[in-house]
2 protein chains.
Amino acid sequence: MNRRDETINIHKVASAAGVSPATVSRVMNHPQMVGAETRRKVTDAIRETGYIRNRAAQAMHGRRSATIGLIVPTVDYAIFASLVQSFGDKADELGFTLLLASHGYDLGREYQILRKFLEHRVDGVALIGLDHTEDSFALLASQRTPAIAVWNHDPASRLPSVGARNAEAGAVAARHLVALGHRRVALLFPPDTENDRARLRRSAVLSVLDAAGIEVPPEYHATSYYDIAPAKAAATRLLDLDRPPTAILCGNDVIARAAIYAAAARGLSIPGDISIVGIGDFQGSADMVPALTTVRIPATRIGAEAATRLIDMIVSDHHPEDTGVGGCEFPVELVPRDTTDVPKEASERKEPTQGRPSTVDSV
Amino acid sequence: MNRRDETINIHKVASAAGVSPATVSRVMNHPQMVGAETRRKVTDAIRETGYIRNRAAQAMHGRRSATIGLIVPTVDYAIFASLVQSFGDKADELGFTLLLASHGYDLGREYQILRKFLEHRVDGVALIGLDHTEDSFALLASQRTPAIAVWNHDPASRLPSVGARNAEAGAVAARHLVALGHRRVALLFPPDTENDRARLRRSAVLSVLDAAGIEVPPEYHATSYYDIAPAKAAATRLLDLDRPPTAILCGNDVIARAAIYAAAARGLSIPGDISIVGIGDFQGSADMVPALTTVRIPATRIGAEAATRLIDMIVSDHHPEDTGVGGCEFPVELVPRDTTDVPKEASERKEPTQGRPSTVDSV
DNA sequence: ACGGCCGATGAAAATGTTTGCAAAACTATT
DNA sequence: AATAGTTTTGCAAACATTTTCATCGGCCGT
């Protein structure tokens, strides 16, 4: 249909429609500025020639590139999958195209990706979490590129942040276990050197436990990557201790799922023998058997809101350092389900507070 | 640091380095063409000015945009998360930036996204599956944009395809159940109108069963979206039939996980009372308890290979219609684990072929 | 009927880069 | 020392678009 190396540009469309290139451009960008009849002719010409506008040339002129970047630690393992999905959908809906990359929890790589995105002249960038290298902050400032921090929220953040208070999420989970009467609580968290979310959750958990007079011995501190296999192994080590914990508080739902498998493999009943609590309320946690007690962080809503706000900053020409574009906090919420109960010792003395068919619970 | 509206371009860098813009360009694109001393001066100037090259302008010149597009049905639910991750990582490694979008199993939206990507002048596009609208194929051909089909493989595909034979995956799963002696086999699949992968798997399953003289009654045909909750409900309906199946063959591992939960919630033991087989071998399936019997489709390797091939097509200027850039087939492989066994009736007559601690199995 | 105004359109400058061509600066060879 | 050859560099055109400015009609009010 199209002859070889005959790439159709705005001039071709213009002559096909019998107007000037300027008019074609206006039809596409400011339709109300052009007469109805001319508009129709141009639209027809665009369709007939099969013209595809060149956003690169458009962006070069200093106009928006209509792209936004999202940089996540990882796409795998459902942690950020929901966020990527909803962020991308919203961006799409608002006419933007998503550039995506992951840095594998390496903030140095995050900087490199950020640079690359800026080379492509993204109109804005969303980063996960509040911690970034000084280089990254400087780069963003020097380019005056709108940027937003997603997932965690802190009003004092250097970037407007859209997300939940991760410290609060940890605290809520800890308070739940304390309220149930657990005193032997183990922590199973990912390494938190380059992960402010995990760090905040973990330290909040520790201070709640400390305030309740609960000490967490060194052997109750377990670490594992966001991956089922190693988390299961780490949980198994906790369960095999001479004096095992009565509850395991997990850094997120994926790790909690691994802990459930570890307990099941050891033939332990949940929550009879061991209580397990996650953080995140990922897809599927509600429908697992046993259903996971967790702290909800509304990933889908956060993703959509983050995209909306970032694009709002872009179209209204707000820059990061401008005030008045503060973040947005999503409340965290305990979702008590079937993997937590009073500890065994306590339940031998008092009545169980919740009764459910034990066959299901023990699964 | 940078004064307002003083955007630094290649000319600024050139005068800072005391050379011409052409030289700066060459330092960045063909470093070997420029003298060592000059190169050093230019590199310094780039660093000092904080220059960020403008890929849009570069792309406009007809050079590569250094972006590739990936269009998936969904990012959520681990199905394509691994693929997105490995595809993106490989693209990154090879110097390309990833544009990502999802169409929610709507091939009309896929076309729209494709258009948008072409507006951004992506150097190539990867699509999931072999089925696409005629419009999409025509668009790709008219723009002569390298494109590749991922996930499913068929040597007769219109696009070079990198993936597994999904029909074979279904057949392998079905043969496994037949070999174990199951004759009451239910199918739990996603709707397959816009999903050639599911369609191929499903029809292959049916022909294997048919060849084995096994008829699948209408009530054994269940359908559910790729989502834990509805899949669990659908599986529960299968289990509650007057004459329930002895095995459920699931369209993928996510649905299989839901089926396991459904069985557990009914207090059924797996694989004692019911065998369940998935397709995909997603992250976590190996480490579940009970570990899921499934058919491995190596998502991570497929993603990396697809990115490599697509970029190869781009840099070697191969176009889709050129021959010799055929696809690449990844073999599927049965991974027998702990959710399948001989059916109960059979096992009452013969010895169970596999013995494992029943407490674990029943979880 | 005429001056002023307004809406629609075109011409041309501007955007930031790459590259073909030519000039210039070396290096090696006689 | 002159020449031929090679490497390095600069000039300017080209890429596809947007936007400012100017122009050209047509319309309205007086």
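All values below were derived from every heavy atom in this structure, side-chain atoms included, with hydrogens, water molecules and symmetry-related copies excluded. Because the structure is predicted, anything quoted here is derived from the model rather than measured. By convention in this document, chain letters (A, B, ...) are assigned in the order of the sequence lines, proteins followed by strands, and residues within each chain are numbered from 1.
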Contacts of A:Glu110 that satisfy side chain to side chain donor-acceptor pair (under 3.5 Å) - sequence neighbours left out: A:His132

Straight-line distance of B:Thr145 OG1 to B:Leu118 CG, nearest 0.5 Å: 4.5 Å

Quick one, which residues of residues 35-45 of chain A touch DNA chain C with a heavy atom under 4.0 Å? A:Gly35, A:Thr38

For the side chain of A:Asn9 and the backbone of A:Lys12, is there at least one donor-acceptor N/O pair under 3.5 Å apart? yes

Any idea which heavy atoms bring A:Thr133 and A:Gly108 closest together, and the distance? CG2-N, 4.5 Å

With A:Thr308 via side chain to side chain donor-acceptor pair (under 3.5 Å) - residues at least two apart: none

Is A:Ser161 reaching over with its side chain to a backbone N or O of A:Ser157, donor-acceptor style, under 3.5 angstrom? no

Would you confirm whether A:Glu119, through its side chain, and B:Asn54, through its main-chain N or O, come within 3.5 Å as a donor-acceptor pair? no

Spell out protein contact along nucleotides 12-18 of chain D as letters: B when the base is contacted, S when just the sugar-phosphate is, - when no protein heavy atom is under 4.0 Å; keep the 5' to 3' order. --BBBBB

Name the first nucleotide and the last nucleotide along DNA chain C (5' to 3') that come under 4.0 Å of a heavy atom in chain B. C:dG16 to C:dG20

Quantify the bending of the helix from C:dA1-D:dT30 to C:dT30-D:dA1 as the angle between its end axes, each fitted on five pairs, to 10°. 40°

What integer distance in Å separates A:Arg64:CZ from D:dT19:P? 10 Å

Which value, rounded to the nearest 0.5 Å, describes the distance between A:Gln32 atom CD and A:Arg39 atom CZ? 8.5 Å

Donor-acceptor side-chain pairing of B:Gln85 and B:Thr300 below 3.5 angstrom: no

State whether B:Phe330 and B:Arg301 meet the cation-pi test: NZ (Lys) or CZ (Arg) under 6.0 Å from the six-membered ring centroid, and within 45° of the perpendicular axis. no

Looking at A:Ala149 and A:Leu130, what are the two nearest heavy atoms and their distance? CB-CD1, 3.8 Å

Is a side-chain N or O of B:Asp196 found less than 3.5 angstrom from the main chain of B:Gly129, in a donor-acceptor match? no

